[in-house]
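Numbered from 1 within each chain, the chains take letters A, B, ... in sequence-line order.
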Protein chains: 2
Amino acid sequence: MKITIKEIAKLSGVSIATVSKVINRKDSKISDETKNRVMKIIKETGYVPNRVASSMITKETKTIGLVIPNIANPFFPEVVRGAEDKASEAGYSLILCNTDDQIDKEENCIAMLQEKMVDGILYTASSRRHAISESLKHVGIPIISLDRDIVGLPVQGKITVENVEGAFEAVSYLIKRGYSKIIHLTGPETSTPTKQRIEGYKKAMDAHHLPYDDSCIIEGDYTSASGYATMEKAIRSGLTFDAVFCGNDLIAIGCIKALKKHGLKILEEVGVVGFDDIYLARMMDPELTTVSQPKYLMGYKAVELLLEVMGENKEGRREEILKTTLVVRETTR
Amino acid sequence: MKITIKEIAKLSGVSIATVSKVINRKDSKISDETKNRVMKIIKETGYVPNRVASSMITKETKTIGLVIPNIANPFFPEVVRGAEDKASEAGYSLILCNTDDQIDKEENCIAMLQEKMVDGILYTASSRRHAISESLKHVGIPIISLDRDIVGLPVQGKITVENVEGAFEAVSYLIKRGYSKIIHLTGPETSTPTKQRIEGYKKAMDAHHLPYDDSCIIEGDYTSASGYATMEKAIRSGLTFDAVFCGNDLIAIGCIKALKKHGLKILEEVGVVGFDDIYLARMMDPELTTVSQPKYLMGYKAVELLLEVMGENKEGRREEILKTTLVVRETTR
DNA sequence: CCTTTTAGGTTAAACGTTTAACCCAATCTT
DNA sequence: AAGATTGGGTTAAACGTTTAACCTAAAAGG
């Protein structure tokens with residue numbers, strides 16, 4: 001039998017209300033004597049207040065839902081860590097949901113979070129999503145969209161990253177270092193980051209009057225297997241290039257494998273740059289030149305923004321676009 | 001104003017109890033007509049039941065606490081994914097806590113999980129822990145310890161891995177492939193896995209009558225920086241060896257960097273094997289030979305065990321020790 | 001035809017808190 | 001000295017469910 005606030009009250013010889021007040025530090029009107037007595041009893045009995053009961057009254061669970069495609073995708077752990085740090089700093093905890101980018105799983109997650117009455121949701125929408133956002137309209141819980149920026153998504157805020165600027169910088173750097181026949185291995189073109197990185201690539205090529213056509217932009221998905229396969233195919237098809245800008249680091253890893261296999265010398269013969277700067281990028285050999293995303297900060301800022309939105313309940317949607325930084329390592333001259 | 005079961009009852013012209021029954025499928029005694037009417041109203045209004053209210057009554061939150069050192073440590077994401085999959089399969093969700101292996105953070109997490117009335121806890125104990133386990137005795141929530149096996153920890157179950165067997169197999173393999181002067185770069189010797197891997201190393205050396213002494217077992221921590229530093233120092237100190245068994249993959253990565261820097265040829269001149277088989281191991285170049293831990297399965301099995309324990313409330317503590325498998329790649333002959 | 005069973009509900013207590021409203025004695029004000 | 005304030009509490013309603021116990025009319029049993 002769990003011990004409740006009632007027993008504490010009885011043991012301390014005060015009312016439940018009084019105990020509640022000392023627990024919640026609303027104790028301006030409680031004498032030090034009573035306060036200490038109650039606290040002592042609490043310590044002795046090991047009483048721990050039941051927050052689900054208190055949530056009934058206060059209408060807040062001090063819990064935030066975190067909906068991401070897959071925690072096993074090396075991009076997300078750091079984001080999650082950032083989110084958890086800010087959350088626990090503010091007295092919140094995180095419920096983690098993996099959606100595998102599947103819309104039905106997303107719906108289930110959101111429904112579950114609604115039932116559990118989380119105070120807010122961080123949401124990385126599936127690339128495929130748009131139509132279904134209808135059902136999101138009625139969640140009645142503040143939502144911040146994270147990383148992806150699906151148009152028409154009914155959210156109260158957004159945290160994204162300067163994808164076009166990042167891509168622009170990366171490709172411009174390649175050009176500056178003397179590469180000129182640059183191709184781009186992308187992720188699924190349905191997702192906003194992909195589109196934006198393509199845009200940045202084009203801008204940079206245009207800005208330096210370098211030619212490119214559709215064959216230079218090769219779609220795949222954000223895995224190393226895809227990077228390997230598309231690179232392989234590109235080489236076999238006789239495509240010429242002296243540098244490849246990859247949609248993310250995983251693609252870059254696969255790409256490099258393929259290049260090595262074909263005996264192409266990374267850096268001299270062909271430069272490679274990735275995107276994300278996951279843990280791996282620094283660990284591999286050669287170390288990967290890449291556009292670094294502030295992953296930890298994204299998570300951190302996201303819950304920061306969420307807390308703001310939750311607090312004010314203002315309707316104006318907030319947005320924060322974080323900067324990327326090119327980190328030059330060993331796969332480019 | 002959130003819509004409650006009360007309004008559904010009113011709109012459907014039935015009692016609250018009836019609505020509750022159709023929601024929870026205890027509807028054997030409800031006519032199809034009423035059932036359909038109620039369900040229709042629920043759909044129309046977009047009513048979503050408040051699980052925190054229901055938790056008050058049922059005494060279960062359908063939530064599991066997951067306490068790990070750091071989700072950004074590449075070992076854990078897959079474990080967490082396994083746990084989340086099994087949990088959501090069974091209708092549970094996961095609250096994630098990072099402790100950074102710090103005892104005070106652990107205490108805070110556990111206390112928070114208690115307050116939130118989670119139904120069970122998965123717990124990767126800090127290596128430093130033992131004394132404080134006193135406070136764990138009174139949590140009153142089933143706990144499964146994960147990965148680490150601290151003696152005297154008051155838990156209802158354990159999921160670990162065959163560390164000594166894994167290490168034994170790895171070192172034996174090295175010996176079989178003709179390496180003989182094998183050193184071991186370890187993690188902190190306070191942790192059980194470290195101790196067990198050392199034990200496995202020694203067993204294998206002994207079994208093949210190979211000599212080793214204290215200088216062959218070099219303590220560090222489970223980071224690549226540590227692997228680099230200790231390897232570097234070992235080389236400078238003139239230690240001779242032809243293979244190194246690393247306490248985990250991160251150490252192996254650092255170690256390989258140091259070896260490369262000193263111009264030592266991986267595989268021919270010196271073999272390297274890691275432990276864990278994190279994502280990275282397959283991605284690096286050369287691909288790392290390593291002892292693979294069933295990380296996903298660990299998480300999956302852990303919540304499986306937890307659910308069992310929660311169900312039966314039997315006092316007998318359960319244990320499951322999972323097998324490792326040596327995966328030979330490119331850093332050994 | 002009387003009794004029992006069944007189908008299809010309803011009533012109300014309980015879960016463990018928070019908090020607005022109230023209370024009373026002692027102290028201040030004027 | 002009467003009224004107002006203050007310190008230190010208490011009372012009780014409310015939060016949104018679940019569920020055991022109860023109820024009633026119709027059908028079934030004998």
Side-chain angles (χ1 to χ4, degrees), chain A residues 1-39 41-42 45-63 91 112 114-119 140-141, chain B residues 1-39 41-42 45-63 91 112 114-119 140-141:
Chain A
M1 256 282 290
K2 272 268 168 198
I3 171 164
T4 80
I5 199 175
K6 213 179 218 164
E7 348 265 290
I8 301 295
K10 197 171 294 171
L11 289 173
S12 334
V14 295
S15 74
I16 287 183
T18 305
V19 177
S20 174
K21 280 171 194 158
V22 351
I23 290 171
N24 298 297
R25 315 246 122 76
K26 313 216 153 156
D27 48 9
S28 57
K29 307 209 138 195
I30 311 287
S31 71
D32 284 359
E33 198 200 319
T34 335
K35 220 182 293 180
N36 292 331
R37 189 152 29 95
V38 172
M39 302 238 279
I41 304 276
I42 290 181
T45 55
Y47 163 71
V48 15
N50 182 332
R51 266 211 207 292
V52 357
S54 88
S55 290
M56 286 243 56
I57 302 274
T58 61
K59 261 82 173 74
E60 48 176 30
T61 52
K62 293 288 180 183
T63 305
M112 183 268 289
Q114 261 183 296
E115 292 189 356
K116 294 215 167 146
M117 302 277 134
V118 298
D119 300 334
I141 297 173
Chain B
M1 256 283 290
K2 271 268 165 197
I3 171 165
T4 78
I5 198 174
K6 212 179 217 163
E7 349 266 285
I8 302 296
K10 197 172 293 172
L11 290 173
S12 333
V14 295
S15 73
I16 287 183
T18 304
V19 178
S20 174
K21 280 171 193 160
V22 352
I23 291 171
N24 298 296
R25 316 245 121 76
K26 313 216 153 157
D27 49 8
S28 56
K29 308 210 136 192
I30 311 288
S31 71
D32 283 359
E33 197 200 322
T34 332
K35 222 182 293 182
N36 292 331
R37 187 151 29 94
V38 172
M39 304 238 278
I41 304 276
I42 290 182
T45 55
Y47 163 71
V48 17
N50 182 330
R51 266 211 207 291
V52 358
S54 88
S55 290
M56 287 243 53
I57 303 274
T58 61
K59 260 81 175 73
E60 48 176 30
T61 53
K62 292 286 179 187
T63 305
M112 182 270 286
Q114 262 183 294
E115 291 188 357
K116 296 214 166 147
M117 303 276 134
V118 299
D119 299 334
I141 297 173

Trainee: If you assign B:K29 and A:Y47 each to the DNA chain C nucleotide with the nearest heavy atom, which residue ends up on the more 5' nucleotide?
Mentor: B:K29

Trainee: Give the minimum heavy-atom separation between B:L11 and B:I41, together with the two atoms involved.
Mentor: CB-CG2, 3.8 Å

Trainee: How sharply is the helix from C:dC1-D:dG30 to C:dT30-D:dA1 bent, taking the axes over five pairs at either end and rounding to 10 degrees?
Mentor: 40°

Trainee: Over how many whole Å does the gap from A:R37 atom CZ to D:dG8 atom P extend?
Mentor: 13 Å

Trainee: Round to the nearest Å and state the distance from B:I8 atom CD1 to C:dT10 atom P.
Mentor: 15 Å

Trainee: Establish, with yes or no, whether the OP1 or OP2 oxygen of C:dG8 is under 4.0 angstrom from a side-chain nitrogen or oxygen of B:T18.
Mentor: no

Trainee: Given atom NZ of B:K2 and atom C1' of D:dG16, what is their separation to the nearest angstrom?
Mentor: 13 Å

Trainee: Working note: A:I30 + A:V38, criterion side chain to side chain contact (heavy atoms under 4.5 Å, CB included); need CA distance, chi angles, decisive distance, verdict.
Mentor: CA-CA 11 Å; A:I30 311 287; A:V38 172; over 6 Å; no

Trainee: Measure NZ/B:K21 against P/D:dT17 and give the value in whole Å, please.
Mentor: 16 Å

Trainee: Check B:V52 against A:M56 and note the closest heavy-atom contact, atom names and distance.
Mentor: CG2-CG, 4.0 Å

Trainee: In whole Å, what is the span from the CD1 atom of A:I23 to the P atom of C:dT18?
Mentor: 6 Å

Trainee: Check the interface with nucleotides 23-27 of chain C: list each N/O to N/O pair with the protein under 3.5 Å, or write none.
Mentor:
none

Trainee: Answer whether the closest heavy-atom distance between the side chains of A:T18 and A:K21 falls below 4.5 Å.
Mentor: no

Trainee: Taking A:R37 for the side chain and A:S12 for the main chain, is one N or O donor matched with an acceptor at less than 3.5 Å?
Mentor: yes

Trainee: Output the rounded distance in Å from NZ (A:K62) to P (C:dT17).
Mentor: 17 Å

Trainee: Between B:I5 and B:I23, does a side chain to side chain contact (heavy atoms under 4.5 Å, CB included) hold up when you go through it step by step?
Mentor: CA-CA 10 Å; B:I5 198 174; B:I23 291 171; 4.3 Å; yes

Trainee: For C:dT11, take OP1 and OP2 only and decide whether either is under 4.0 Å from a side-chain N or O of B:S15.
Mentor: no

Trainee: Under 4.0 Å, heavy atoms only, any strand: does B:S20 hit a base, just the sugar-phosphate, or nothing?
Mentor: base

Trainee: What's the CD1-C1' distance between B:I16 and D:dA14, to the nearest Å?
Mentor: 14 Å

Trainee: Counting just side-chain N and O atoms, does B:T34 come under 4.0 Å of either OP1 or OP2 of C:dG9?
Mentor: yes

Trainee: Using a 3.5 Å distance criterion without hydrogens, assess whether the side chain of A:T61 forms a donor-acceptor pair with backbone atoms of A:M117.
Mentor: yes

Trainee: By a strict heavy-atom criterion of less than 4.0 Å, which residues belonging to residues 48-61 of chain A are in contact with DNA chain D?
Mentor: A:M56, A:I57, A:K59

Trainee: Where is the tightest heavy-atom contact between B:I3 and B:Y47, given as atom of each residue plus distance?
Mentor: O-CD1, 3.4 Å

Trainee: If we count only N and O atoms by modelled type, under 3.5 Å, do the side chains of A:T63 and B:K116 hold a donor and an acceptor together?
Mentor: yes

Trainee: To the nearest angstrom, how far is A:K26 atom NZ from C:dT19 atom C1'?
Mentor: 8 Å

